[in-house]
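This report refers to the structure that appears directly beneath it.
In this text, all values refer to a predicted model and were calculated from it rather than measured experimentally.
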Amino acid sequence: MKITPVMLALLLCGCTVGPDYQRPAMPVPKHYKEAKGWQPATPQDDQHKGEWWSVYHDATLSSLLSQVSINNQNVANYAAQYRQAQALVSQSRAELFPSVGYDSSVTRSGSHATTTNQRTTSTSHQAELSASWELDLWGKLRRTLEENRASAQASAAELANITLSAQSELAQDYFQLRIMDQKIALYQQSIDAYQRYLVVIENKYQAGSESRATLAQAQMQLESARASAQDYQWQRAQVEHAIALLVGKAPADFNLPVAKLDATLPDVPSALPTQLLQRRPDIAYAERNVAAANAAVGVAIAGYFPDLTLSASGGVSSSTLHNLFSLPNRVWSLGPELSGTLLDFGATASQVEQARASYDASVASYRQTVLEALQEVEDELVELNMLQGEIASQQRATAAAQESARVTRNQYEAGMIDYLDVATTENSSLSEQQSLLSLQSTQWVSSVALIAALGGGWQAANK
């Protein structure tokens, strides 16, 4: 039968069984509850986000975060998985084309006739080229390529997500560590003051003008402050260890000296670009998994149809090497192979149903990811909004407590009140200052968390 160009084109193109992919519908609100003017948009996770941490203007933080994508071992793990997924795409693409192989052999054989006692030996030389091509009549190979390509894109999104997660965790740890430095410094100031008071009270106690209870109160206040400072010191050490791990270093080889927090807390804009939420890599990961699952349905459906493979081989065979490539020794073969399943007692149908169920599960996972992303943004927005007022109130409370402590110190030094009043107001002042630092730590951490929830910043990514 002669294959015409039209028939060849039909064989090459074939048809593609299974559903064509469409992004699952996901009803979302037109704006966020906690910020007016925000609207979700088409996924743009591939947009360049730049160095989102630059909004904090902290050179040390920038230096640390730039190391995450290079040295973090979790990031390296997912980067290797992404390269593996890319290689699988290349392999799937190659299966659309013919494969060519070769075979060369030399065979030495012999026989012994017992009746004549004659021995004979012979040598056979063979060289052959072969080619085979599975015609993708039903689109199984193309659906497989589509599935692997979507999986590779999901792997890329997963890499971006793990990188953003590690960077976000490092930034949060960094700000917590810097606030711990301030808390430790505050306790040290209090310890110095309590030590001075203790010396004065001990002298007065020796002179008989202060009671044993007052001396015990001063000693308790001093040791309590020391214990609290030590508590923050081991917490700081553990946070420093966590940062070391995130930049791919052993804790023994990493040190982050005590320093002032010299960063700028970015203001959240009142109106944000509509594409920000859809830049989240975890949303892209979930959506690409849906696309891969959809293609897998087509691969499973193609199992109902037979596979057609064209194969050809040609070569030479001779008993002597010098005559191997002469015309009479040439051999060849050519023929199609049609293979399929006549009866499998529902195995193929079960595979199709499994693929469809997997697709439905991936759609549900995608929609849940979007809903959780919306919740994360709302949570961080409301927390940041409330923290502004809470910190303002705490600042006023702290200022009042410090003023109260100052007045009581003056009164005590003037002999107007007992030291118990001083201890009470000093403890209150220290507690209020520590509470203020804790709220500020939460504010820095929430700021980073909001940036991560938006997929890496709120700047329009048009660079």
### Query
Within the distance-only criterion (no hydrogens, no angle test), does the side chain of Thr442 pair as donor or acceptor with the backbone N or O of Ser438 below 3.5 angstrom?
yes
### Message
Less than 3.5 Å apart, any donor N or O on the side chain of Gln86 or Ser90 sitting next to an acceptor on the other?
### Response
no
### Query
Are the side chain of Gln67 and the backbone of Ser63 linked by a donor-acceptor contact shorter than 3.5 Å?
yes
### Task
Starting at CG of Asp262, measure out to OG1 of Thr60 and round the result to the nearest 0.5 Å.
8.5 Å
### Message
Please tell me whether Ser228 and Lys183 have a donor and an acceptor in their side chains that are separated by less than 3.5 angstrom.
### Response
no
### Side chain Arg23, main chain Glu287, donor-acceptor under 3.5 Å
no
### Query
Are the charged groups of Arg142 and Glu147 less than 4.0 angstrom apart, N to O?
no
### Query
Any side-chain heavy atom of Asn161 within less than 4.5 Å of one from Tyr285?
no
### Task
Measure the spacing between CH2 of Trp138 and OG1 of Thr16 and express it to the nearest 0.5 Å.
11.0 Å
### Task
Can you tell me which residue pairs pass the salt bridge (charged side-chain N to carboxylate O under 4.0 Å, His left out) test with a partner in residues 62-74, sequence neighbours excluded?
none
### Query
Given side chains that start at C-beta, do those of Val247 and Leu170 come closer than 4.5 Å, heavy atoms only?
yes
## Note on the structure
Separation between CD (Gln91) and CG (Leu145), nearest 0.5 Å, reads 11.0 Å
### Message
One thing to verify: whether Arg143 and Glu146 come together as a salt bridge, which I'm taking to mean a side-chain N less than 4.0 angstrom from a carboxylate O.
### Response
yes
### Task
Please check if atom CZ in Arg93 has more than 12 non-hydrogen atoms from other residues, nucleotides or ligands closer than 6.0 Å.
yes
### Task
Kindly compute the distance separating OG (Ser446) from CD (Glu383), expressed to the nearest 0.5 Å.
3.0 Å
#### Entry: Given Gln395, Gln394, Gln434, the one that forms side chain to side chain contact (heavy atoms under 4.5 Å, CB included) with Leu439
Gln394
### Message
For a 4.5 angstrom cut-off between non-hydrogen side-chain atoms, does Arg178 reach Leu61?
### Response
no
### Task
Determine yes or no for a side-chain-to-main-chain donor-acceptor pair under 3.5 angstrom, with Ser92 supplying the side chain and Asn148 the backbone.
no
### Message
I'd like to check Pro24 versus Val290 (side-chain heavy atoms, cut-off strictly below 4.5 Å). Are they in contact?
### Response
yes
### Query
Tell me, which pairs form a side chain to side chain donor-acceptor pair (under 3.5 Å) where one or both residues lie in residues 299-311, sequence neighbours left out?
Lys140-Asp307
### Query
Within the side chain of Tyr56, is there an N or O that forms a donor-acceptor pair under 3.5 Å with the backbone of Ala171?
no
### Task
Please determine, by modelled atom types, if Glu372 and Gln368 share a side-chain donor-acceptor pair under 3.5 angstrom.
yes
### Task
Classify the side-chain pair Gln167/Trp52 by whether it contains a donor and acceptor separated by less than 3.5 Å.
yes
### Task
Would you kindly say whether Asn77 and Gln73 are connected by a side-chain donor-acceptor distance under 3.5 Å?
no
### Query
Does anything in residues 439-456 pair up under salt bridge (charged side-chain N to carboxylate O under 4.0 Å, His left out), and if so which pairs, sequence neighbours excluded?
none
### Task
Could you tell me whether the side chain of Ser429 reaches within less than 4.5 Å of the side chain of Gln433, counting heavy atoms only?
yes
### Query
Donor-acceptor pair, Ser190 side chain versus Leu186 backbone, under 3.5 Å?
yes
### Heavy-atom side-chain proximity of Ser362 to Tyr359 below 4.5 angstrom
yes
### Query
Do Tyr78 and Thr163 have side-chain heavy atoms sitting under 4.5 Å apart?
no
### Query
Is Val297 close to Pro19 at the side-chain level, that is, under 4.5 Å between some pair of heavy atoms?
yes
